[in-house]
Amino acid sequence: MTQARLETDRHAPLAALREDFPALQQDIGGNGLVYLDSAASAQVPLSVIEKMAQYQSHDHANVHRGVHTLSHRATEAYEGARDKVQAFVNARSRAEIVLTSGTTEAINLVAQSYCRPLLQTGDRILITHLEHHSNIVPWQLVCEQTGAELVVAPIDEAGQVDMQEFTRLLDDNVRLVAAAHVSNALGTINPVRDIIARSHALDIPVLLDGAQGVPHLAIDVQELDCDFYAFSSHKMYGPTGVGVLYARESLLDSMPPYQGGGDMILEVTFSGTTYNELPYKFEAGTPNISGVVGLGAAVDYLQAAGMSNIAAHEAELLDYMMAQLANIDGIRLYGTASNKASVQSFMLEDVHPHDLGTILDHQGVAVRTGHHCAMPVMQYYDIPGTARASLGLYNNTADVDRLVTAIEKAKQVFA
Amino acid sequence: MTQARLETDRHAPLAALREDFPALQQDIGGNGLVYLDSAASAQVPLSVIEKMAQYQSHDHANVHRGVHTLSHRATEAYEGARDKVQAFVNARSRAEIVLTSGTTEAINLVAQSYCRPLLQTGDRILITHLEHHSNIVPWQLVCEQTGAELVVAPIDEAGQVDMQEFTRLLDDNVRLVAAAHVSNALGTINPVRDIIARSHALDIPVLLDGAQGVPHLAIDVQELDCDFYAFSSHKMYGPTGVGVLYARESLLDSMPPYQGGGDMILEVTFSGTTYNELPYKFEAGTPNISGVVGLGAAVDYLQAAGMSNIAAHEAELLDYMMAQLANIDGIRLYGTASNKASVQSFMLEDVHPHDLGTILDHQGVAVRTGHHCAMPVMQYYDIPGTARASLGLYNNTADVDRLVTAIEKAKQVFA
Amino acid sequence: MNLASIQAGDELRDLYRELILDHSRHPRNFGKLDDATHTAEGINPLCGDKLRLYLRVDEQQVADARFEGSGCAISVASASLLTEIVVGQPGEVALDFARDVIGRLTGATSPRPPAAELGKIQALDGVREFPTRVKCATLAWQALNSALNRQTTAATTE
Amino acid sequence: MNLASIQAGDELRDLYRELILDHSRHPRNFGKLDDATHTAEGINPLCGDKLRLYLRVDEQQVADARFEGSGCAISVASASLLTEIVVGQPGEVALDFARDVIGRLTGATSPRPPAAELGKIQALDGVREFPTRVKCATLAWQALNSALNRQTTAATTE
Ligand SMILES: Cc1ncc(COP(=O)(O)O)c(C=O)c1O
Ligand SMILES: Cc1ncc(COP(=O)(O)O)c(C=O)c1O
């Protein structure tokens with residue numbers, strides 16, 4: 001990045017971090033890459049890539065069951081990463097941090113281990129209309145398996161949950177509320193404190209899908225007072241294949257294991273098996289050790305950058321982006337909630353999002369197009385999909401300007 | 001490795017590959033590392049480490065849902081690795097290759113998606129006494145959930161399945177047979193062709209736990225004629241966090257999805273959801289893209305080395321190791337089947353395996369000690385655990401000699 | 001920042017030719033065909049394109065063709081062109097066309113000049129430079145293939 | 001290959017001192033205590049060590065202590081030493097001992113000379129050089145802590 005560009009950016013200290021991401025240093029079709037697809041998956045800083053390579057080159061072995069040096073190092077690295085995650089989201093204890101393969105597995109775990117044994121005909125799960133498929137389909141599956149019913153709190157034109165309707169739907173038959181912290185399609189930050197307070201007033205536990213929360217907001221699960229919080233490493237600058245389920249220890253204690261296998265047991269006999277203590281009861285099989293080590297490095301990276309810096313930088317940049325996009329003739333913005341993070345969905349009149357995506361890509365601007373795994377949101381607006389620009393800590397106003405130029409070009413192509 | 005050492009090895013071309021593994025170039029406690037724990041997790045060649053780092057530095061984005069260049073590259077890399085795996089195990093079609101987080105998840109998937117909807121009281125699952133916990137506990141869980149019964153074919157002193165008893169237990173009530181291809185605790189190669197033929201004669205499908213098969217034997221799922229074959233990347237020189245379920249397409253077609261989420265659906269509405277085609281129906285959420293790319297590179301590596309070369313090298317080295325160990329006074333070998341691969345378990349008179357492991361590690365020799373996630377095997381021999389030396393393609397006779405020297409030292413310490 | 005290539009009259013123009021834009025804006029034969037004898041759906045789960053193709057086959061000949069659904073400019077234009085091209089063709093020939101077009105666009109077969117009736121399809125050639133969009137261009141032709149083979153399931157391009 | 005350090009009279013000798021080998025081969029107070037007032041299990045899932053500690057506490061004083069189970073030389077010797085050390089001590093003091101020994105072996109507290117009654121425990125000091133084995137050495141002491149606090153669950157060292 002040139003000094004000139006640095007100076008146009010309002011958070012110079014954060015902006016300098018862009019250099020840490022090797023993927024951002026490349027050209028696409030002759031233009032410098034502008035990566036505006038972090039909501040799908042974030043780029044990975046060199047420190048994370050190197051930490052994983054170093055682990056694999058020097059310290060790898062299977063964890064937990066070995067006395068030899070490499071196994072010890074691997075176990076320390078793996079469990080050390082868990083401690084970092086615990087501190088990062090401020091869980092009470094490391095027993096509350098279950099390492100999974102991603103948000104999706106974390107939510108399925110709750111659906112199958114917490115809900116499935118509990119649900120009966122007449123029971124309900126309450127979600128919202130803006131959820132990602134990963135926070136819809138697991139509940140559909142468990143409802144089908146148990147005869148329970150999935151109910152959906154509606155949204156308004158701005159993309160905000162209708163809290164009056166939510167409250168009306170929240171009754172004694174609801175066994176769990178599951179809601180996104182931040183919507184990946186619209187950027188809406190849900191009023192999670194309100195959702196949790198109202199649910200807890202009826203003793204209903206709340207799962208937050210934090211896939212889009214953790215990368216953009218400082219998360220404190222104790223202060224949020226949520227019961228489950230699920231998130232993915234690859235959205236927070238870590239590797240793919242790793243996620244986290246935070247859950248209250250008392251809930252985890254009451255739940256049967258999700259998968260059976262190595263490491264999740266204390267003792268196996270053919271007449272019966274004793275499960276391991278938390279969190280191991282929920283971590284069957286050889287875990288994604290190198291991935292978890294990478295997640296630990298990503299947490300280190302985020303903590304050094306400072307989550308409040310990141311949140312402030314992105315909030316300012318999102319305002320700038322929304323204003324610039326709104327200026328474009330023929331554009332329509334989707335997701336205009338008063339409280340938002342990172343994401344702007346939009347449509348350009350007469351141009352299908354897929355075509356728009358291609359034209360932007362051709363100019364080196366990477367946005368996501370389509371339904372963003374949130375088809376019900378698209379059904380609500382009665383559109384096939386949107387183009388979505390989403391921000392990471394490495395983006396700057398020059399990126400937004402490039403986006404705007406590229407959209408103008410699309411208008412010319414389709415003129 | 002020095003030229004002198006190379007020449008002592010009987011498979012010089014393979015022995016040279018040892019240089020490809022950075023972790024093997026280090027000293028532990030002043031001695032060169034002798035890694036004899038590949039059955040727990042194999043070391044990773046530089047080509048795999050670099051391929052993953054390169055993917056993360058240059059090509060990473062989320063797969064399947066993007067039109068932009070990086071997303072396209074990531075999708076090609078991910079799906080290209082699936083094609084490599086398909087060719088490697090000779091599956092009929094790529095639809096039969098489901099990418100999971102490991103063997104453990106693959107087996108749980110079969111237990112929950114194939115067995116759970118099918119099983120009723122009176123039905124049985126038949127396994128063997130030498131299984132890894134990952135091929136025991138998932139069946140215990142699904143039996144508990146459905147009222148079915150888990151039955152176990154016994155083993156003999158050599159660590160071989162009693163095929164007469166197996167055949168007696170194999171009756172019309174058995175809904176699935178699940179057996180290790182190769183035992184991780186004893187090294188036994190099960191008579192899988194026989195197991196499959198007898199099971200198929202009664203129309204009973206067979207799952208093979210191939211975690212220890214794929215790294216050591218050339219696998220052809222069509223020729224084996226198995227119905228499910230599960231294996232892990234990290235045992236075959238790939239990264240952790242990735243595994244494979246091969247399954248016959250007709251079986252996968254008949255099975256409901258395992259987890260719900262992004263990518264496994266065609267269409268989501270609140271009134272109902274249409275699942276995606278195979279194999280995507282079983283791959284919910286963002287997959288472990290960098291891990292799968294690493295697995296693809298590991299397959300490339302193995303194919304370049306040649307699975308039949310590897311098998312021949314390891315078989316010869318196992319013979320040498322068994323002979324050398326048997327020579328040691330006071331040692332007892334566990335696992336003396338006539339058909340074996342890679343693994344030798346043993347105990348040294350009066351020395352607990354855990355103490356033995358520490359003493360060997362102190363001399364740079366890494367072996368695994370304990371129950372190897374196969375407690376029923378330990379119960380059969382009525383021992384708390386064993387020390388286990390397991391071979392990878394990079395081991396050589398010098399490694400075995402170092403092991404023997406280190407065991408002699410342990411005898412002195414405990415003399 | 002080098003915007004030179006962005007300004008150049010370029011692959012984008014080649015992808016979005018006048019004929020393609022025209023067909024995408026004014027799709028021909030759009031709507032349901034009530035007396036269809038063959039129908040199939042084409043779904044591109046990656047981008048949400050979803051088309052249904054209707055055919056009326058009379059005495060082995062495609063007597064009428066229509067489509068409905070929604071999609072990007074490429075998939076709609078391709079479907080629209082398809083309906084123009086196949087009407088009047090024997091079913092066998094229409095199947096050959098499907099194979100030829102799919103081969104042409106995916107690069108599986110060399111892009112020799114197509115049969116005369118298929119001439120217009122060259123307007124889609126620009127897609128070969130955009131690998132992520134090939135599936136959009138072939139979607140309707142996959143559906144044609146499914147419909148004529150009386151496959152009942154949706155064709156997907158993934 | 002450098003075998004020098006393997007030959008050296010070394011940390012291994014320091015770990016497996018005579019006293020440790022003796023206690024592991026001939027564990028004192030081994031067996032069940034039928035009139036136990038307190039008991040707890042210690043499990044080390046990583047290596048399969050599994051001990052049950054029995055105590056008879058009379059008027060706040062540990063009147064008898066035994067253990068059974070199986071484990072490596074370190075965990076058995078540590079349990080054996082424990083039974084010798086705690087008998088005759090007030091329960092409070094035994095709890096202090098548990099805390100001191102665990103702190104000493106894990107390195108949480110500095111290895112100052114222990115209370116006179118705890119002197120023998122210095123034989124376990126060699127374990128500090130073997131981080132994977134610290135859990136073996138502390139297992140019985142964790143169980144002591146659980147038993148005296150009347151926790152009913154198994155103590156694990158993971
Ligand atoms: C025979 C066998 N089956 C299953 C497994 C489980 O594999 P993973 O832990 O990679 O899921 C292993 C290895 O741990 C194994 O050796
Ligand atoms: C809001 C939200 N929830 C859940 C998910 C699923 O996460 P993953 O695909 O990492 O399991 C995503 C991202 O894809 C998301 O944005």
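So that the names make sense, note that chain A is the first sequence line, chain B the second, and so on, each numbered from 1. Since this is a predicted model, take the numbers as computed values, not measurements.
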So what's closer than 4.5 Å to chain A heavy atoms on [X]: side chain, backbone, both or neither?
| X | answer |
| --- | --- |
| B:Tyr35 | side chain |
| B:Val63 | backbone |
| B:Gln259 | both |
| B:Ile265 | side chain |
| B:Met378 | neither |
| B:Arg73 | side chain |
| B:His372 | neither |

With chain B, which of [options] has the greatest number of heavy-atom pairs at distances under 4.5 Å?
| options | result |
| --- | --- |
| A:Gly262, A:Ser101, A:Gly291 | A:Gly262 |
| A:Tyr258, A:Trp139, A:Phe270, A:Phe21 | A:Phe270 |
| A:Lys235, A:His129, A:Glu144 | A:His129 |
| A:Ser233, A:Gly285, A:Gly243, A:Pro45 | A:Gly285 |

Options B:Glu267, B:Glu105, B:Gln145, ranked by heavy-atom pairs under 4.5 Å with chain A, top entry: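 Greatest number of close heavy-atom pairs with chain A: B:Glu105.
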Among B:Val44, B:Thr358, B:Val142, B:Thr286, residue most engaged with chain A (heavy-atom pairs, under 4.5 Å):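 Result: the option with the highest number of such pairs is B:Thr286.
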Quick one: what part of [X] sits under 4.5 Å from any heavy atom of chain B, side chain, backbone, both or neither?
| X | answer |
| --- | --- |
| A:Ile127 | side chain |
| A:Val367 | backbone |
| A:Pro239 | both |
| A:Leu70 | side chain |
| A:Tyr380 | neither |
| A:Gln379 | side chain |
| A:Leu109 | neither |

Heavy-atom donor-acceptor pair, [X] side chain to [Y] backbone, under 3.5 Å:
| X | Y | value |
| --- | --- | --- |
| B:Ser71 | B:Asn62 | yes |
| A:Ser232 | A:Gly102 | no |
| B:Gln56 | B:Ser290 | no |

State which residue, out of B:Leu24, B:Val365, B:Leu403, fulfils the side chain to side chain contact (heavy atoms under 4.5 Å, CB included) condition with B:Val34.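 Filter result, single survivor: B:Val365.
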Can you confirm if the aromatic rings of B:His60 and A:His234 lie within a centre distance of less than 6.0 Å? no
